[in-house]
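Structure first, commentary second.
Computation of the quantities below employed the complete heavy-atom set of this structure, encompassing side-chain atoms and omitting hydrogens, waters and symmetry-equivalent molecules. Each residue takes its place number in the sequence, starting with 1.
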Amino acid sequence: TLLTLMGRSPVSDSDLANNGGSGAMDIYLVHSPRDADGDREWQGVALPSATGATCGSQRYLLVDSTYPLGSETSKGMLQTVTHELFHAFQFAFPLVTGCWTPEYTWFMEASATWAEEYVYPNAQSEHVWLSGFLTLPENRVDAVTESREYGAYLLPWHMARTNSPDSVADAWGAFANRLSLPGVDSVLSGGFEQQWPLFTLNNWNREPVDDYRQVDNVAEGAFPFGGKTSVGIEEVEMNLNIPYLAAQYRHFSFKNEARYVSFENTEQIPHSAVWGIVKIDGEWKEPEDWSDVSEKSWCREDDGEELEELVIVFSNSDWQGKESLTPGDPPKVKATAACVEWWGTVSYDFTSTAFGGVATSTSGTVAFVPQDDPLTPEIEYVAVGGSLLHTYDDMLCHNSGTVGIADGFLRLHPDTGHYFGGVISQDVANPSCRYGGTTGNAQIGSHEVGRFVISADGRTLDGSFTSV
């Protein structure tokens, strides 16, 4: 299988005096040495046949025989031999650097681990390495840190599935005159620029992007930065610093008081990609490409916009410039207590003991919109439209008229969910009246005399109070 795939044999050591008796591939079953903690140092290793020839192409294999044999459906020595034998095939390819280390180390281990899956797809011996790659998706794909390069087998697996297994062998052929990243880029359909965003999306591996789980029983997925974040009435700024060929995942859920949610990504940067995945009213929707979208928003009170969870995948495909993705204006998730506007009515009654007069203000619909730069720490809305029917009647004057809104506000206390506020009308038409010529203040709550509580569904606030 590997011979057909790679199109060449491992290099024979027949010209060496110490060749195990022939030029055939030598595989020795041994016991691995133990480290200071008593753990095996390796499961298998492909060593140079010539003493000290680190970069040599002739190899023999050592396999730890204390492991079980393994089978088509269970991991063991069979998968270890496959991995190490694939290394022997890799050493048969000429490299532009003349040596596999350090330039090609990451892809050597990634593709050799993929070979385990290619030969024994149901044993799933490769899964053990996944956490080293998916736990820290912010690290570069070509980083060699602990076991990350083994878990990076997901990339050749992606290559084999989106193109063909031959593309993995083709990459090794491309290394004759290319470094590792240019070589892999040359065999990817559309290069890293097209494939890296798709690859990082698939690495999420959760509904509705759970192809890994469906196809190969992969249980793990990319770990979201900071875990899942529960968002109330607040703004979450995402200060990104993503290296080339890396990604970052953000996962949000929303508290009941967060009624209006927006995602802002005002700075689009070359070689960056943004995927959005939303859960609406209990159902995950298909991912959307938001790379060129500056803003998305949801009114959680409206049908079809009952946003419950939001996943955002940021990726950086700049393998040539190798610049980190660091927007000067960081992307943001914002949540407020209302869907852009509150609409409602207010009324006000005032009785003058001095003249026996009664002043009344009854509004038409009054509109309040969020204040971008509130003067208070509360969530603040300002009145932008509406009118009041203002009347006054006492011993000296009779007056009435419909007037516009001169000022008004609503404020939400995040800790209590309570509102207070008011609207102030413009002067009425007849300034000769003692009270009718003054500004009418239509209170709808205050610190001292009353607060209005938002309803459980977040759609209404209502109440009344009496001031004495």
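Under a 4.0 Å N-O distance rule, the pair Asp329/Lys332 qualifies as a salt bridge. A salt bridge links Glu264 to Lys334: at least one charged side-chain nitrogen sits closer than 4.0 Å to a carboxylate oxygen. Glu257 has no carboxylate O lying under 4.0 Å from a charged side-chain N of Arg259, or vice versa, which leaves the two without a salt bridge. At a threshold of 4.0 Å, the pair Glu288-Lys296 counts as salt-bridged, since one of the basic side-chain nitrogens sits closer than that to a carboxylate oxygen.
Phe86 CZ to Met108 CE: the interatomic distance, rounded to the nearest 0.5 Å, is 9.5 Å. Rounded to the nearest 0.5 angstrom, Glu267 CD and Leu325 CG are separated by 9.0 Å. Expressed to the nearest 0.5 Å, how far CH2 of Trp284 lies from NZ of Lys279 amounts to 6.5 Å. Here Arg148 contributes atom CZ and Leu136 contributes atom CG; the two are 7.0 Å apart, rounded to the nearest 0.5 Å. Ser317 OG to Gln194 CD: the interatomic distance, rounded to the nearest 0.5 Å, is 10.0 Å. The distance from atom CD of Gln79 to atom OG of Ser125, rounded to the nearest 0.5 Å, is 4.5 Å.
Looking only at side-chain heavy atoms (C-beta outward), Val274 and Ile312 come within less than 4.5 Å of each other. Counting heavy atoms from C-beta on, the side chains of Leu5 and Phe89 never come closer than 4.5 Å. Two residues are said to be in side-chain contact when any heavy atoms from C-beta on lie closer than 4.5 Å; Pro182 and Trp319 meet this criterion.
Two rings, from Trp157 and Tyr212, have their centers less than 6.0 Å apart. The ring of Trp298 has its center no closer than 6.0 angstrom to the ring center of Phe263. Taking the six-membered ring for Trp, Trp114 and Tyr153 have ring centres at least 6.0 Å apart. Aromatic pair Phe175/Tyr104: ring centres closer than 6.0 Å. The aromatic ring centres of Trp204 and Tyr249 sit less than 6.0 Å apart.
The backbone N or O of Ser131 sits less than 3.5 Å from a side-chain atom of Thr135, completing a donor-acceptor pair. A donor-acceptor pair is defined here as one N or O able to donate and one able to accept, closer than 3.5 Å; such a pair exists between the side chain of Asp185 and the backbone of Phe192. Side-chain atoms of Asn316 never come within 3.5 Å of backbone atoms of Ser272 as a donor-acceptor pair (strictly under, hydrogens ignored). Checking side-chain atoms of Ser65 against main-chain N and O of Leu29 turns up no donor-acceptor pair under 3.5 Å. Distance alone, capped at 3.5 Å, places no donor-acceptor pair between the Asp216 side chain and the Val218 backbone. With hydrogens and angles disregarded, a donor-acceptor distance shorter than 3.5 Å links the side chain of Asn19 to the backbone of Ser22. Side-chain atoms of Ser32 come within 3.5 Å of backbone atoms of Glu41 as a donor-acceptor pair (strictly under, hydrogens ignored). Between the side chain of Arg40 and the backbone N or O of Arg34 there is no donor-acceptor pair closer than 3.5 Å.
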(request) Let me see the working for Asn202 and Val209 under side-chain contact (heavy atoms from CB on, under 4.5 Å), right down to the final yes or no. (result) CA-CA 6 Å; Asn202 289 334; Val209 192; 3.8 Å; yes

(request) Tell me, with the steps shown, if Glu138 and Phe225 meet side-chain contact (heavy atoms from CB on, under 4.5 Å). (result) CA-CA 9 Å; Glu138 295 84 8; Phe225 185 86; 3.7 Å; yes

(message) Would Val184 and Phe107 count as a side-chain contact (heavy atoms from CB on, under 4.5 Å) here? Give the steps.
(response) CA-CA 9 Å; Val184 174; Phe107 197 72; 3.9 Å; yes

(request) Give the intermediate values and the outcome of salt bridge (charged side-chain N to carboxylate O under 4.0 Å, His left out) for residues Arg161 and Asp211. (result) CA-CA 11 Å; Arg161 296 178 67 226; Asp211 190 48; 2.2 Å; yes

(request) Decide yes or no on side-chain contact (heavy atoms from CB on, under 4.5 Å) for Leu154 and Leu130, but give the supporting numbers first. (result) CA-CA 8 Å; Leu154 287 173; Leu130 283 170; 3.7 Å; yes

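Because its NZ or CZ atom is both nearer than 6.0 Å to the ring centre of Phe93 and within 45° of the ring axis, Arg8 counts as a cation-pi partner of that residue.
The only option from Val231, Ile280, Val278, Thr229 that meets the side chain to side chain contact (heavy atoms under 4.5 Å, CB included) definition with Leu310 turns out to be Val278.
Counted by atom type alone, Gln43 and His83 present zero donor-acceptor pairs between their side chains at under 3.5 Å. No hydrogens or angles considered: a donor-acceptor pair under 3.5 Å links the side chains of Ser111 and Gln90.
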